[in-house]
Amino acid sequence: MALVYVSVVLVGTLGGAFLYMLCMNLTRLVVGASLPFFSADFFLRGIFLLMPLMGMLACVLMILYEIRHSSGNFVKTIAFLIFGLFTWLFLIPLSLKCFSVHEDMREDKNLAKMLSPEFFRREYRGIYYYSRILPDLTADGLYINLEGINGEQGRVTVLKKSGIHAFSDSDFADPLIEDGIKMPVVLKAPLEVYDGLYRRAKTLFDMGYIYYLLFASAGLAFIGICGLRFCSTWRLLNALIVVLSSCLISAINYAFYYLPFFSKSKLNLFVVRFFSEIGFVYTDVTILVINILVCIVCSLIGLTSFRLTANTESEEYTSLPAEGFDEEDL
């Protein structure tokens with residue numbers, strides 16, 4: 001199982017960082033320019049961003065590996081606990097620290113966006129056409145205003161050494177590239193969840209390691225998932241339950257931090273008030289309680305299911321008819 005964890009973290013992080021580098025290179029690309037192949041800056045950034053994800057993924061794959069190879073459950077469970085604690089207490093904080101150091105050392109994070117001339121670029125109210133872009137980030141060209149119904153009331157404005165329009169607040173340097181590359185929702189949604197959780201973890205880590213530990217309570221919920229591998233005698237169903245539970249825990253933690261429903265709920269207000277009365281004042285304490293409860297519930301389900309499965313297999317074994325050879329068969 002150690003080999004599974006190390007392989008997933010190393011190969012997954014390096015491979016994911018390479019894909020991240022290619023995607024980020026696309027955000028700097030403008031129409032008419034060549035695409036750079038390798039960027040050490042984006043590659044290192046991808047390593048620090050994806051290392052926590054690969055650590056969590058490795059833990060889930062260890063559970064699936066244990067479902068597939070059910071022998072030596074106790075040893076594999078101890079190994080999973082060790083690697084799970086290592087991921088949440090050391091690997092993720094290390095990546096957050098390295099990411100902060102790398103961001104402070106970056107020299108190109110505030111580079112201006114330089115567009116290529118002689119292309120039509122649409123924005124909400126009209127279309128820009130730059131015939132010439134000057135080194136001082138001004139441009140000559142036209143602006144076609146499309147306000148009104150079907151642009152009937154539109155007008156054309158001549159641009160002379162005008163500032164380059166900021167087409168969007170996204171990371172893309174050229175809106176034409178952004179329009180041509182649209183990520184499907186199936187990939188965009190989980191990436192947004194991970195990005196939100198990563199940003200929250202970094203914010204709490206910057207506040208102090210104690211605050212990060214409250215966020216890392218999600219690790220307890222993920223560790224508790226290990227117990228769900230005994231839910232049934234059907235291995236495929238157990239694997240499906242583990243994967244869906246992992247997604248659900250991630251969604252619950254993301255929703256708590258970013259959806260107002262949780263922060264304004266009576267449950268959250270009650271838990272925060274209760275802990276504040278005993279001297280523990282922290283607005284995110286509810287997620288700590290939720291993750292601990294999830295860990296306890298999953299562990300109890302695992303213990304109960306394991307005992308029931310063991311008793312069922314024992315009864316089936318003892319109920320088998322004794323087989324032997326008669327003298328006539330010899």
Side-chain angles (χ1 to χ4, degrees), residues 5 8-10 12-14 16-17 20 23-24 42-62 80-106 109 171 187-225 245-263 268 271-272 275 280-295:
Y5 181 88
V8 172
V9 172
L10 288 180
T13 300
L14 294 177
Y20 174 84
C23 293
M24 293 305 296
F42 286 138
F43 185 73
L44 289 175
R45 197 168 189 260
I47 288 177
F48 302 140
L49 278 172
L50 296 176
M51 191 182 297
L53 176 62
M54 293 306 155
M56 293 184 289
L57 179 62
C59 291
V60 175
L61 291 179
M62 287 175 69
F80 171 78
L81 293 176
I82 293 174
F83 283 110
L85 293 174
F86 171 82
T87 298
W88 287 91
L89 298 180
F90 178 76
L91 184 66
I92 297 179
L94 175 63
S95 68
L96 295 173
K97 180 64 176 178
C98 293
F99 181 82
S100 298
V101 173
H102 178 259
E103 289 297 289
D104 293 338
M105 295 175 60
R106 292 183 67 192
K109 55 184 176 182
D171 293 329
L187 293 177
K188 186 177 181 180
L191 288 178
E192 287 181 350
V193 170
Y194 176 71
D195 178 67
L197 292 176
Y198 190 93
R199 285 186 285 109
R200 186 63 180 177
K202 186 178 182 304
T203 299
L204 295 176
F205 182 77
D206 292 339
M207 294 171 59
Y209 191 74
I210 297 298
Y211 293 98
Y212 166 76
L213 289 179
L214 294 176
F215 171 85
S217 64
L220 294 176
F222 276 99
I223 290 175
I225 293 177
S245 299
S246 303
C247 297
L248 182 60
I249 290 174
S250 301
I252 290 175
N253 281 265
Y254 176 85
F256 176 83
Y257 290 122
Y258 293 100
L259 297 184
F261 169 77
F262 278 93
S263 60
N268 183 55
V271 174
V272 171
F275 279 91
F280 190 80
V281 182
Y282 185 64
T283 56
D284 290 347
V285 69
T286 305
I287 195 63
L288 170 66
V289 176
I290 292 175
N291 287 325
I292 291 177
L293 289 177
V294 170
C295 178

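Source: prediction; values computed, not measured.
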Residues 50-58 side chain polar contacts: donor-acceptor under 3.5 Å, at least two apart:
none

Mind listing the side-chain donor-acceptor pairs of residues 81-100 below 3.5 Å, one per line with the distance, residues two or more places apart or on another chain?
| from | atom 1 | to | atom 2 | distance (Å) |
| --- | --- | --- | --- | --- |
| Thr87 | OG1 | Tyr5 | OH | 2.6 |
| Thr87 | OG1 | Phe83 | O | 2.8 |
| Ser95 | OG | Ile92 | O | 2.7 |
| Ser100 | OG | Leu96 | O | 3.1 |
| Ser100 | OG | Lys202 | NZ | 3.4 |

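In this structure, the separation between OH on Tyr257 and CG on Leu197 is 8.0 Å, given to the nearest 0.5 Å. Atom CZ of Arg45 is separated from atom CE of Met24 by 5.5 Å, given to the nearest 0.5 angstrom. The distance from atom CD1 of Ile249 to atom CG of Leu220, rounded to the nearest 0.5 Å, is 10.0 Å. Considering CD1 of Ile210 and CZ of Phe205, their distance stands at 11.5 Å, rounded to 0.5 Å. Atom OH of residue Tyr20 and atom CZ of residue Phe42 lie 6.5 Å apart, to the nearest 0.5 angstrom.
Taking the six-membered ring for Trp and thresholds of 30 and 60 degrees, Phe215 and Tyr212 have ring planes inclined between 30 and 60 degrees apart.
Among Asn291, Leu293, Ile292, the one residue that satisfies the side chain to side chain contact (heavy atoms under 4.5 Å, CB included) test with Val289 is Leu293.
Inter-residue side-chain proximity for Tyr258 and Arg199 is flagged as met; some heavy-atom pair is nearer than 4.5 Å. Contact annotation: the side chain of Ser250 approaches that of Phe222 to within less than 4.5 Å [non-hydrogen atoms, C-beta and beyond]. Between Leu204 and Leu214, the closest side-chain pair of non-hydrogen atoms is not below 4.5 Å.
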Criterion side chain to side chain contact (heavy atoms under 4.5 Å, CB included) on Tyr254 and Leu259, from CA distance to verdict: CA-CA 8 Å; Tyr254 176 85; Leu259 297 184; 5.5 Å; no
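The closest donor-acceptor contact from the side chain of Asp195 to the backbone of Leu191 lies at 3.5 Å or more, if one exists at all. When atom types are taken as modelled, the side chain of Ser217 and the backbone of Leu213 share no donor-acceptor pair closer than 3.5 angstrom.
Residues forming a side-chain contact (heavy atoms from CB on, under 4.5 Å) with Ala189 (at least two apart in sequence, or on another chain): none.
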